[in-house]
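Encoded as structure tokens, the structure appears first; notes follow it.
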Amino acid sequence: MKLSIVEYPDKRLRQKSVEVKDFDENLHNLLDAMYPIMINTNGIGLAAIQVAHPLRALILNIPDEDGEQPRENLFEIINPVVVKADGETVYQEGCLSVPQFYEDIKRHEFITINYQDRDGNTKTLDADGLLAIAIQHEMDHLEGILFIDKLSYARRKKFEKEYKRLQKERKSSK
Ligand SMILES: [Zn+2]
């Protein structure tokens with residue numbers, strides 16, 4: 001399966017992802033193809049919609065203390081539902097679909113989700129720190145929401161201007 005990352009302002013990122021019903025080979029192939037894309041682009045999380053598959057599926061691989069992302073730390077999260085959210089934290093976020101832009105975003109500090117794994121087994125995950133932040137960022141993708149949507153009006157305007165300039169630079173260097 002050949003996948004590539006959909007980048008803002010592509011409208012496909014605004015789609016609402018649909019529930020996964022079949023935990024079959026198609027889903028497994030998609031998840032298996034998402035992993036190398038995320039790692040090769042230095043990402044810590046990737047939602048299926050970011051590779052043009054509007055399914056409620058996402059993967060996360062938070063770096064350990066040494067900055068490594070061993071595959072055994074990989075989470076494959078299907079049909080997640082938030083069951084508890086608490087506290088407040090601010091972190092400088094980026095997104096593979098909004099390359100080269102980073103901004104402080106406010107999120108819940110602790111989050112508990114129910115989800116299914118690639119075989120459809122139901123699981124619960126209590127998360128804090130970067131994992132909690134990344135879960136919220138990726139779950140927003142399932143609703144067609146991007147982290148830049150959370151910026152103030154003034155910052156968003158500044159972003160649009162900067163992003164256009166960055167895109168032009170990237171195009172001319174290709
Ligand atoms: Zn993102």
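For ligands, and for the atoms within them, numbers begin at 1 and follow the listed sequence. Just so it is clear, the structure is predicted and the values come from calculations on it, not from any experiment.
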**Prompt:** Which atoms of the protein, restricted to N, O or S, are nearer than 2.8 Å to the Zn ion (ligand 1)?
**Reply:** Cys95 SG, His137 NE2, His141 NE2
**Salt-bridge present (Glu160, Lys164; N to O < 4.0 Å)** = no
**Asked** Is Asp104 salt-bridged to Lys150, cutoff N-O under 4.0 Å?
**Response** no
Donor-acceptor pairs under 3.5 angstrom involving side-chain atoms of residues 77-90: please list them, not counting sequence neighbours.
unit_1	atom_1	unit_2	atom_2	d
Asn79	OD1	Val20	N	2.8
Asn79	ND2	Val20	O	2.9
Asn79	ND2	Gln116	OE1	3.0

Could you pull out every donor-acceptor pair under 3.5 Å between side chains of residues 27-39 and any protein atom, sequence neighbours left out?
unit_1	atom_1	unit_2	atom_2	d
His28	NE2	Arg118	O	2.8
Asn29	ND2	Glu25	O	3.4
Asp32	OD1	Arg118	NH2	2.6

**Asked** How close do Leu96 and Glu7 get, heavy atom to heavy atom, and via which atoms?
**Response** O-CG, 4.3 Å
**All pairs passing ring-ring contact (aromatic ring centres under 6.0 Å, His included) where residues 141-168 contributes a residue, at least two apart** = Tyr8-Phe159, Tyr8-Tyr163, Phe101-Phe159, His137-His141, His137-Phe147, Phe159-Tyr163
